[in-house]
Amino acid sequence: MTNEDLLSRLRKVYSHFSIENLKNICPADFQNNLEQRIGTIDAESEGYSQDELEQQRDLSIKFHWGHDHDFGSFSLKGRMGNRHLRLMERFCSLFSIPLESFQSQRILDVGCWTGGTTLLLCALGAQRVVANEEVVKYANTVKYLTEAFGLENTVSIETSSLYQLQDSTHHQQYDRVYFPGVVYHLSDPVLALRIMFNSLRLGGDILIESAGINSEEPFCRFDGNFIYHNDGSTREELNRGGWNYFLPSPLALKRMMQEVGFVEVSSVWDSNTNRVFAYGKKSQQIGICKAGLSRPSIL
Ligand SMILES: C[S@@+](CC[C@H](N)C(=O)[O-])C[C@H]1O[C@@H](n2cnc3c(N)ncnc32)[C@H](O)[C@@H]1O
């Protein structure tokens, strides 16, 4: 199957989530509900006090829709376009992963934003999707969408930082961790990867995508919150597009993954997207070196 065939197959399965398949909600209410969220500014309900707003990213305090979605009678443009579909195509092509391998899986969808990937995983036949997101308004939106499409028995929402996914409800629970677009936003990628490792069952795997650097060396570039993608000339422009910490080369990400216990790690630079893509497996619940860990009590 060519990349284009794969993409069109993904578009087709994703198109299931149109107003025709809404359950117990009228299309006009549904449209109204989603549209009125966009642009809402709610710093306080996200837990930020006035005096710390200057340091927060726009994405956290103002509602931005994540992935493009054509609901049939209306559509929403996302900040990430069709990235949820393109990413899935990339993972499958780069690591020879069949789309069927998502069927009947228990999957942790990390950093789900407004749920494009969560719905896609459902459309691919996942048995269970746990959608994790630290921004409350996005997690609530994914909850609303899953209820609107009658997916309550398949999807559950974890409204928390991924660093909190450490209790027994997440220990060795998942067949697959789907982890694109997040690792470079984290101040502690090694700890995060270890938490993901612990959340997998033996034999489970992880799919990671990240902004990165195209180097053969095991290097990371540190940006930090004051480096912006845009010129930052207006408040809107700033948009906290910075908010990136460590951008790894493929080899740096591979080493981090091996450090926390993953095996059969493959990590590559994808010149189509100019991003790093990685795959790894968990074959045993092996220990981790605790010296220097930011949370020495971690399993
Ligand atoms: C760039 S978006 C990626 C969305 C989607 N995973 C994708 O790849 O298209 C990053 C998402 O991760 C969320 N996020 C960032 N840090 C997080 C953390 N520590 N815990 C949970 N979610 C986080 C952000 O709020 C945002 O929704």
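Start at 1 and go down the list; that is how both ligands and their atoms are numbered. In this text the structure is predicted, and so the values were computed from the model without any measurement.
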Chemist: Does Val110 share a hydrophobic cluster with Tyr178, counting links as ILVMFWY side-chain heavy atoms below 4.5 Å and allowing steps through other members?
Modeler: no
Chemist: So if you build clusters from Ile, Leu, Val, Met, Phe, Trp, Tyr with side-chain heavy-atom gaps below 4.5 Å, do Leu119 and Phe74 land together?
Modeler: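 Yes, it is one cluster - the side chains of Leu119 and Phe74 are joined through contacts under 4.5 Å.
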Chemist: List the atom pairs, with distances to 0.1 Å, where a side-chain N or O of residues 190-201 and a protein N or O form a donor-acceptor pair under 3.5 Å, not counting sequence neighbours.
Modeler:
from, atom 1, to, atom 2, distance (Å)
Arg194, NE, Leu299, O, 3.0
Arg194, NH1, Val260, O, 2.7
Arg194, NH1, Ile286, O, 3.1
Arg194, NH2, Ile286, O, 2.9
Arg194, NH2, Leu299, O, 3.2
Asn198, OD1, Gln285, NE2, 2.7
Asn198, ND2, Leu299, O, 3.1
Ser199, OG, Met196, O, 2.7
Arg201, NE, Gln173, O, 3.4
Arg201, NH1, Asp175, OD1, 3.4

Chemist: Check each N or O atom of ligand 1 against all protein N or O atoms and list the pairs under 3.5 Å, with atom names and distances to 0.1 Å, one per line.
Modeler:
from, atom 1, to, atom 2, distance (Å)
ligand 1, 6 (N), Gly111, O, 2.9
ligand 1, 6 (N), Pro180, O, 3.0
ligand 1, 8 (O), Arg83, NE, 3.3
ligand 1, 8 (O), Arg83, NH2, 2.6
ligand 1, 8 (O), Pro180, O, 3.1
ligand 1, 9 (O), His67, NE2, 2.7
ligand 1, 9 (O), Arg83, NE, 2.9
ligand 1, 16 (N), Glu134, OE2, 3.4
ligand 1, 19 (N), Glu134, OE1, 3.4
ligand 1, 19 (N), Ser161, OG, 3.4
ligand 1, 20 (N), Leu162, N, 2.9
ligand 1, 22 (N), Glu134, N, 3.4
ligand 1, 25 (O), Arg57, NH1, 3.4
ligand 1, 25 (O), Arg57, NH2, 3.4
ligand 1, 25 (O), Glu133, OE2, 2.6
ligand 1, 27 (O), Glu133, OE1, 2.6
ligand 1, 27 (O), Glu133, OE2, 3.4

Chemist: Judged by modelled atom types alone, do Arg9 and Tyr14 share a side-chain donor-acceptor pair under 3.5 Å?
Modeler: no
Chemist: Would you say that Phe91 contacts Glu209 through its side chain, given a criterion of any heavy-atom pair below 4.5 Å between the two side chains?
Modeler: yes
Chemist: Looking at Arg57 and Glu134, does any basic side-chain N land under 4.0 Å from a carboxylate oxygen?
Modeler: yes
